[in-house]
*Asks:* 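Quick one: the structure is below, and I'll ask about it shortly.
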Amino acid sequence: MRPDTPAENVDHTAEAARLERTADLYPEDAEALLLRAAAHRELSGDRPAATTLYDRLLASDAALEQPFLVRALKASNLWEYGHEAEARAIITGIRSAAPRDPAPWVIVAESLEAHDELEQAHETYTQAVRLLLTGAPQPPRAAHPLLFGRHRVRRMLGATHDEWDALADTVHTLPITLDELHDPKRVWSLGSENPAELQAEILRLRAEVGAFREAMSRPFPVAVLHWPAAELTELTEAYPALAEEYPSYEAHLASIEADLRELSASGTGNLGIVTGTVPSYEAFAASELTSPADPALLPQYATTLAARGRATAWPPERTAACWCGSGRTYGDCHGAG
């Protein structure tokens, strides 16, 4: 279930409770599950409960994969229900720590921007793009919101374009330019009696909403199952009936990339890859009262791993490590074709 699904289409409280129960069953996946649960708590209006979930993760003995993201989300949530001082302290701590992941930077900068702290938001966006993008041959997709947010704030502040604004323009792909989308005077056109002006503004708003939905969409992806070489050998030796599904490791890797490209070409979005292990697969089969040798269980296992937050988005950046684990970049490995 998408955390940004409108309230009239989902019971956010029930969905949060379900995710929390799942996190209790699979503590190794608690971080991804509880972050989704916290999003549902926020959307239900129960922000204190969301803070409790963020605190639960931060107090856990288990090492978090994205500790700064959890802190950033907590700060944003706290500010929304009156805990401004604590939120500001967390944001200051994140900026001082200078994480290399764009996600927490986006959260804290947008939080500052949402509360009209435009100078602070601009400083935060600028600190982030300088840290993460200086010397980078091409901005990764995850960093695009930093460039767009900085451009938006600078337009509101009346600042002239600089080199980072120019870079934002180059990675922006919508038909409406960033200058139009971020024009502070656009709000006045909504009161115009000129049909042409209103129609133009409707087109701009549609483009902006489309970009927002793309940035905020976090459903679990359509996921394809990947077995590392050692796991695949163990799997087919233990369950020879699955050898038909996996005639060789090389064929397995090739089929993953081919299947994902075919899905992408058909218009399917939010694609991902989940990595299986034999013990996990056997435990899943036992929970389903089914033999691990049943090939029909494999797609169900993949979907379950994705729902537990175990999917890695596909395709990777061309300069990122390939999903297959070869150690080469995706562009030089399975993305070369």
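Any value given below was found using the heavy atoms of this structure, including those in side chains, with hydrogens, waters and symmetry copies removed.
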*Asks:* Can you see which heavy atom on S76 is nearest to which on S111, and at what distance?
*Replies:*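 Scanning both residues, the minimum pair turns out to be CA-OG, 3.8 Å.
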*Asks:* For T124 and Q120, indicate whether the former's side chain and the latter's backbone hold a donor-acceptor pair under 3.5 Å.
*Replies:*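 Yes: the side chain of T124 pairs with the backbone of Q120.
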*Asks:* Let me check something: do L53 and L78 share a hydrophobic cluster, defined by ILVMFWY side-chain heavy atoms less than 4.5 Å apart, either directly or through other members?
*Replies:*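 Hydrophobic grouping puts L53 apart from L78.
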*Asks:* Run the numbers on R41 and E20 for salt bridge (charged side-chain N to carboxylate O under 4.0 Å, His left out), then give the verdict.
*Replies:* CA-CA 11 Å; R41 293 293 185 192; E20 290 167 35; 3.0 Å; yes
*Asks:* Could you verify whether a donor N or O on one side chain and an acceptor N or O on the other, from Y246 and S255, lie under 3.5 Å apart?
*Replies:*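 There is no such pair (donor and acceptor under 3.5 Å, judged by atom type) between the side chains of Y246 and S255.
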*Asks:* State whether the side chain of W105 and the backbone N or O of P99 hold a donor-acceptor pair below 3.5 Å, judged by distance alone.
*Replies:*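 Between the backbone of P99 and the side chain of W105 there is a qualifying donor-acceptor contact (under 3.5 Å).
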*Asks:* Within a radius of less than 6.0 Å around CD of E163, do more than 12 heavy atoms belonging to other residues, nucleotides or ligands occur?
*Replies:*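 Enclosed.
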*Asks:* Starting from W227, can I reach L297 by hopping between I/L/V/M/F/W/Y residues whose side chains sit under 4.5 Å apart?
*Replies:*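 Same hydrophobic cluster.
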*Asks:* Walk me through it: do N270 and V222 pass the test side-chain contact (heavy atoms from CB on, under 4.5 Å)?
*Replies:* CA-CA 6 Å; N270 300 301; V222 176; over 6 Å; no
*Asks:* Looking at R141, is its backbone amide N or carbonyl O close enough to the side chain of E317 to form a donor-acceptor pair, meaning the two atoms are under 3.5 Å apart?
*Replies:*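 Flag set: sc E317 to bb R141 pair under 3.5 Å.
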*Asks:* Passes side-chain contact (heavy atoms from CB on, under 4.5 Å), V274 versus T304? Steps please.
*Replies:* CA-CA 10 Å; V274 290; T304 298; over 6 Å; no
*Asks:* Hey, does the side chain of T22 reach the backbone of R18 with a donor-acceptor pair shorter than 3.5 angstrom?
*Replies:*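 Checked: pair present.
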*Asks:* Without hydrogens or angle criteria, can the side chains of E282 and Y239 be said to hold a donor-acceptor pair below 3.5 Å?
*Replies:*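 The criterion, which ignores hydrogens and geometry beyond distance, is satisfied for Y239 and E282.
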*Asks:* Classify the ring geometry of H151 against H161: parallel below 30°, tilted from 30° to 60°, perpendicular beyond 60°.
*Replies:*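 Plane angle over 60°, so perpendicular.
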*Asks:* Look at the side chain of E231 and the backbone N and O of V278, then say whether any donor-acceptor pair between them is shorter than 3.5 Å.
*Replies:*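 Yes, E231 side chain to V278 backbone: donor-acceptor pair under 3.5 Å.
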*Asks:* Please indicate whether E288 has more than 12 foreign heavy atoms, meaning atoms of other residues, nucleotides or ligands, lying under 6.0 Å from its CD.
*Replies:*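 Enclosed.
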*Asks:* Should L305 and S280 be marked as a side-chain contact (heavy atoms from CB on, under 4.5 Å) after you check the CA-CA gap, both sets of side-chain angles, and the distance that decides it?
*Replies:* CA-CA 10 Å; L305 290 178; S280 168; 4.3 Å; yes
*Asks:* Distance check, rounded to the nearest 0.5 Å: D294 atom CG versus Y301 atom OH?
*Replies:*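 Going from the CG atom of D294 to the OH atom of Y301 covers 15.0 Å.
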*Asks:* Any donor and acceptor pair, going by atom type alone, linking the side chain of S287 with main-chain N or O of F284 inside 3.5 Å?
*Replies:*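 Between the backbone of F284 and the side chain of S287 there is a qualifying donor-acceptor contact (under 3.5 Å).
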*Asks:* Can you tell whether the side chains of R155 and D165 come within less than 4.0 Å, N to carboxylate O?
*Replies:*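 Looking at D165 together with R155, the answer is no, because their closest N to O distance does not fall below 4.0 Å.
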*Asks:* Taking R56 first and then D24, would you say they form a salt bridge - that is, a charged N and a carboxylate O separated by under 4.0 Å?
*Replies:*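 Yes, this pair counts.
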*Asks:* Looking at side-chain heavy atoms only, is the closest gap between W164 and R130 below 4.5 Å?
*Replies:*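 The answer is yes; the side chains approach within 4.5 Å.
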*Asks:* Which atom pair, heavy atoms only, marks the closest approach of S326 to C333?
*Replies:*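 Taking S326 first and C333 second, the nearest heavy atoms are OG-SG, 3.4 Å.
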*Asks:* Please determine whether side-chain contact (heavy atoms from CB on, under 4.5 Å) holds for the pair R100 and L132, giving the CA-CA distance in whole Å, both sets of side-chain angles, and the decisive distance to 0.1 Å.
*Replies:* CA-CA 6 Å; R100 306 295 299 191; L132 302 177; 4.3 Å; yes
*Asks:* Compare every heavy atom of P299 with every heavy atom of P295, then report the nearest pair and how far apart it is.
*Replies:*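 For P295 and P299, the tightest heavy-atom pair comes out as O-CD, 3.6 Å.
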*Asks:* What pair of heavy atoms forms the shortest contact from I107 to A72, and how long is it?
*Replies:*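 Scanning both residues completely, I find the closest heavy atoms to be CG2-O, 3.4 Å.
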*Asks:* For the backbone of H122 and the side chain of T126, can you confirm whether one donor and one acceptor N or O come within less than 3.5 Å of each other?
*Replies:*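 Yes, because the side chain of T126 sits within donor-acceptor range (under 3.5 Å) of the backbone of H122.
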*Asks:* How long is the gap from CG on L19 to CG on D29, to the nearest 0.5 Å?
*Replies:*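 Interatomic distance, L19 CG to D29 CG, rounded to 0.5 Å: 11.5 Å.
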*Asks:* Is a donor from one side chain sitting under 3.5 angstrom from an acceptor on the other, for T329 and D332?
*Replies:*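 T329 vs D332: donor-acceptor pair found between side chains.
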*Asks:* Would you check if there is a donor-acceptor pair between the side chains of T233 and Y249 at a distance under 3.5 Å?
*Replies:*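 T233 and Y249 do not have a side-chain donor-acceptor pair below 3.5 Å.
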*Asks:* Flag the pair I91 / L112 as yes when at least one side-chain heavy-atom distance between them is below 4.5 Å, and no otherwise.
*Replies:*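 Yes. Closest side-chain heavy atoms under 4.5 Å.
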*Asks:* Could you measure the distance from the OG1 atom of T236 to the CD atom of E245? Nearest 0.5 Å is fine.
*Replies:*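 So the OG1 of T236 and the CD of E245 are separated by 12.0 Å.
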*Asks:* Okay, side chain of R318, backbone of G335: is any donor-acceptor separation there less than 3.5 Å?
*Replies:*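 Checked: pair present.
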*Asks:* Atom CZ of residue position R150 - does it have more than 12 heavy atoms of other residues, nucleotides or ligands inside 6.0 Å?
*Replies:*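 Result for CZ/R150: enclosed.
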*Asks:* Taking all non-hydrogen atoms of both residues, which atom of E257 and which atom of Y330 are closest, and how far apart?
*Replies:*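 Smallest interatomic distance, heavy atoms only, reads OE2-OH, 2.5 Å.
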*Asks:* Please check if Y281 and I273 belong to a single hydrophobic cluster, counting links between Ile, Leu, Val, Met, Phe, Trp and Tyr side chain heavy atoms closer than 4.5 Å.
*Replies:*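 Looking at the clustering, I273 is in the same group as Y281.
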*Asks:* Is there a side-chain contact between L225 and I256 (heavy atoms, below 4.5 Å)?
*Replies:*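 The answer is no; the side chains never approach within 4.5 Å.
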*Asks:* Is there a path of hydrophobic side-chain contacts, each under 4.5 Å between heavy atoms, that joins I94 and L58?
*Replies:*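 No, I94 and L58 fall in different hydrophobic clusters.
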*Asks:* Got Y125 and E113 here, is their nearest side-chain heavy-atom distance under 4.5 Å?
*Replies:*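 Y125 vs E113: side chains touch.
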*Asks:* Are D169 and T177 side-chain neighbours, meaning at least one heavy-atom pair lies under 4.5 Å?
*Replies:*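 Side chain of D169 against side chain of T177, heavy atoms only: no contact under 4.5 Å found.
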*Asks:* Return yes if some donor-acceptor pair links the side-chain N/O of T134 with the main-chain N/O of L131 below 3.5 Å, else return no.
*Replies:*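 Side chain of T134 to backbone of L131, a donor-acceptor pair under 3.5 Å: no, none is there.
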*Asks:* Quick check against the 3.5 Å criterion: does R88 have a side-chain atom that pairs as donor or acceptor with the backbone of W79?
*Replies:*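 It does not hold such a pair.
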*Asks:* Please find the pair of heavy atoms, one from C322 and one from H334, that lie closest to each other, and give the distance.
*Replies:*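 Here C322 and H334 meet closest at SG-ND1, 3.6 Å.
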*Asks:* Do L271 and V224 touch side chain to side chain, with heavy atoms closer than 4.5 Å?
*Replies:*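 No, side chains not in contact.
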*Asks:* Are L34 and L73 linked, directly or through intermediate hydrophobic residues, by side-chain heavy-atom contacts shorter than 4.5 Å (ILVMFWY only)?
*Replies:*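 Same hydrophobic cluster.
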*Asks:* For the residue pair H226 and H252, does the interplanar ring angle fall in the parallel (under 30°), tilted (30 to 60°) or perpendicular (over 60°) class?
*Replies:*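 Ring orientation, 0 to 90° scale: parallel.
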*Asks:* Would you call H172 and H144 a side-chain contact if the rule is heavy atoms closer than 4.5 Å?
*Replies:*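 No, side chains not in contact.
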*Asks:* Are side-chain heavy atoms of P102 and P145 found at a separation under 4.5 Å?
*Replies:*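 Answer no - side chains too far apart.
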*Asks:* Before accepting this row, confirm whether a basic side-chain N of the pair E31/R308 lies closer than 4.0 Å to the acidic partner's carboxylate O.
*Replies:*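 No, E31 and R308 are not salt-bridged.
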